[in-house]
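This report concerns only the one structure given below.
Computed over heavy atoms, backbone and side chain alike; hydrogens, waters and symmetry mates excluded. Indexing begins at 1, ligand by ligand and atom by atom, following the structure's order.
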Amino acid sequence: MSCVTKVKHPLIQHHLCTVRDKQTRSSEFRAAIGRLAVLVGMRATEDLPLTPVKIQTPICEADCQRIDVRVELVPILRAGLGMVEPLQGLLPDAAVWHLGLFRNEETAEPVGYYDKLPKSGAPNVALVLDPMLATGGSVEMVIERLMSWGVPDIRVLSIIAAQAGVDRVASHFPDVKVFVAEIDPDLNEQSFIVPGLGDAGDRIFDTPQHG
Ligand SMILES: O=P(O)(O)OC[C@H]1O[C@H](OP(=O)(O)OP(=O)(O)O)[C@H](O)[C@@H]1O
Ligand SMILES: O=c1cc[nH]c(=O)[nH]1
Ligand SMILES: [Mg+2]
């Protein structure tokens, strides 16, 4: 069974048009990334374990179920920040652990610049948030870090991935689950996803690069 799930839903196809369109302004881009993050997030959490609980309603006692594992969010700065609030909408009590990485523009290799994960106390489930999975280098660095922290169940949530990137993650980390809205065929000479959507971080934060 593949660890890579391409989430299928007409709303995903619809909102992908918005994020791919180069005319989409930053506020609309952020909103569409948020909607796509929720759609991917629903699927990525559909098998979380539940524990039976009794709840007193205003009428009587009801048999209910609660998620009984610690599920926490790990956005990859910067672009992953665009997926935090939407996922907090689904998991309001989830802690958020930030990891800062950027890609070296010449080599496309990830460079870590922020990491304050504690030494112990890893959650049961970490949802890694990053809208783009291109070569897979950044996500691999994060997966290795989360494994060394002791997270047993790592799930990567992305909006657009390149085929090469998901293949790389799947072959190096067969136990890590990857959930994406779309898988694009190619990477260009700068290791940008083709057709992709451009630079997600710059489009979320409205910081276009000139020259
Ligand atoms: O799979 P990879 O080849 O590693 O590429 C994907 C990474 O590149 C982008 O980050 P970027 O370096 O643009 O940083 P930013 O989020 O600060 O813009 C993106 O958000 C991923 O983190
Ligand atoms: O296509 C890409 C590749 C890496 N990072 C992005 O933001 N976009
Ligand atoms: Mg960027």
Next item on the list: Using a 4.0 Å heavy-atom cut-off, say whether Asp199 meets ligand 1 through its side chain, its backbone, both or neither.
Entry: side chain

Item checked: ligand 1-proximal atoms of Thr135, by part, heavy-atom distance under 4.0 Å ->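 Both parts.
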
Check: Would a distance-only check, ignoring hydrogens and angles, find a side-chain to backbone donor-acceptor pair under 3.5 Å from Asn104 to Glu109?
Finding: no

Next item on the list: Establish, from distance only, whether the side-chain atoms of Ser26 and Asp206 form a donor-acceptor pair under 3.5 Å.
Entry: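 Side chains of Ser26 and Asp206: no pair found under 3.5 Å.
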
Notebook entry, point to check: Side-chain donor-acceptor pair under 3.5 Å between Arg145 and Ser148, yes or no?
Noted result: yes

Next item on the list: Answer yes or no on whether Arg30 is positioned over the face of Phe205, meaning its NZ or CZ is under 6.0 Å from the six-membered ring centre and within 45° of the axis.
Entry: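 Here Arg30 fails the 6.0 Å and 45° test against Phe205.
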
Considering only non-hydrogen protein atoms, determine which one is nearest to [atom] and report residue, atom name and distance to 0.1 Å.
atom	result
atom 14 (O) of ligand 1	Leu101 O, 3.9 Å
atom 4 (O) of ligand 1	Ser138 OG, 2.5 Å
atom 6 (C) of ligand 1	Met132 O, 3.6 Å
atom 17 (O) of ligand 1	Arg78 NE, 2.9 Å
atom 11 (P) of ligand 1	Arg103 N, 4.2 Å

Item checked: All side chain to side chain donor-acceptor pair (under 3.5 Å) counterparts of Glu144, not counting sequence neighbours ->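 Listed in chain order: nothing, the list is empty.
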
Check: Does a side-chain N-to-carboxylate-O contact under 4.0 Å join Asp199 and Arg103?
Finding: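 Answer for the salt bridge query: no.
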
Which of the ligand 1 atoms, numbered from 1, are nearer than 4.0 Å to a heavy atom of [X]:
X	answer
Gly136	1 (O), 2 (P), 3 (O)
Gly201	18 (O)
Ala79	16 (O), 20 (O)

Next item on the list: Closest by any non-hydrogen atom to atom 21 (C) of ligand 1: pick that one out of Asn104, Leu133, Asp130.
Entry: Asp130

Supply the atom-to-atom distance [X] [atom1] to [Y] [atom2], rounded to the nearest 0.5 angstrom.
X	Y	atom1	atom2	result
Phe192	Leu197	CZ	CG	9.5 Å
Leu39	Leu16	CG	CG	9.5 Å
Lys54	Asp63	NZ	CG	3.5 Å

Notebook entry, point to check: Is any N, O or S atom of Asp199 under 2.8 Å away from the Mg ion (ligand 3)?
Noted result: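 Checking Asp199: at least one N, O or S atom is under 2.8 Å.
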
Next item on the list: Collect the protein residues that have a non-hydrogen atom under 4.0 Å from ligand 2 and hand them over in chain and number order.
Entry: Arg103, Met132, Ala134, Ser191, Phe192, Ile193, Gly198, Asp199, Ala200

Notebook entry, point to check: Should Arg203 and Ile33 be marked as a side chain to side chain contact (heavy atoms under 4.5 Å, CB included) after you check the CA-CA gap, both sets of side-chain angles, and the distance that decides it?
Noted result: CA-CA 10 Å; Arg203 296 193 66 187; Ile33 288 286; over 6 Å; no

Checklist line | Minimum heavy-atom distance between Trp149 and Lys119, given as atom pair plus value | finding: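 Minimum heavy-atom separation between Trp149 and Lys119: CD1-O, 3.9 Å.
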
Notebook entry, point to check: Between Asp202 and Arg78, what is the shortest heavy-atom contact and its length?
Noted result: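 Distance-wise, the nearest heavy atoms are OD1-NH2, 2.8 Å.
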
